[in-house]
Amino acid sequence: IGREAFRKCIRLRDIVLPEGLTEIPYGLFESCYSLGEIHIPDSVMKIREKAFSFCGLKKIEIPPQVQNMPPAQIFMPALMGLLSLNRGKP
């Protein structure tokens with residue numbers, strides 16, 4: 001999946017990321033205002049900056065094996081304070 005591949009897909013509501021994906025690229029879902037929830041597969045090891053900036057996420061589960069992740073404020077969800085970051089169990 002390429003950098004900013006789904007950027008500004010304002011009607012994108014949900015998506016299934018493929019198992020085997022190792023990195024969520026820079027800006028992948030930036031400004032996807034309708035994207036409400038996403039499950040990140042266990043194969044993901046890195047989440048790049050702005051991957052979820054300004055999207056409508058209310059819940060995101062991040063596998064414990066993710067080693068490289070930007071600070072939580074980088075996610076900048078449209079509804080700040082309603083985002084639940086779950087790092088899973090180690």
Practice problem: Give the cluster check for L12 versus I47: same hydrophobic cluster or not, with ILVMFWY residues linked at side-chain heavy-atom distances below 4.5 Å. | Solution: yes
Quiz item: Would V66 end up clustered with I24 when hydrophobic side chains under 4.5 Å apart are linked, directly or stepwise?
Solution: yes
Practice problem: Working to the nearest 0.5 Å, report the span between NZ of K50 and OH of Y26. | Solution: 3.5 Å
Practice problem: For residues P63 and P41, report the shortest heavy-atom separation together with the two atoms involved. | Solution: CG-O, 3.4 Å
Quiz item: So which heavy atom on S43 is nearest to which on G20, and how close?
Solution: OG-N, 2.8 Å
Quiz prompt | E23: partners by salt bridge (charged side-chain N to carboxylate O under 4.0 Å, His left out), with sequence neighbours left out | solution = R48
Quiz prompt | C32 SG to I15 CD1 distance, which is reported to the nearest 0.5 Å | solution = 8.0 Å
Quiz prompt | Common cluster, L17/V44, ILVMFWY with side-chain heavy-atom separation under 4.5 Å | solution = yes
Exercise. Can you run down the salt bridge (Lys or Arg N to Asp or Glu O under 4.0 Å) pairs that involve residues 34-46, sequence neighbours left out, and say none if there aren't any?
Key: none
Extract all donor-acceptor atom pairs below 3.5 Å that involve side chains of residues 2-9 and protein atoms in other chains or at least two apart in sequence.
residue: R7; atom: NE; partner: E30; partner atom: OE1; Å: 3.4

Quiz item: Quick one: do I40 and L35 end up in the same hydrophobic cluster if we chain Ile, Leu, Val, Met, Phe, Trp and Tyr together by side-chain heavy atoms under 4.5 Å apart?
Solution: yes
Quiz item: Any link between L57 and L21 through a network of hydrophobic side chains (Ile, Leu, Val, Met, Phe, Trp, Tyr) touching at under 4.5 Å?
Solution: yes
Quiz prompt | Contact summary for S34 and I10, nearest pair of heavy atoms | solution = OG-O, 2.7 Å
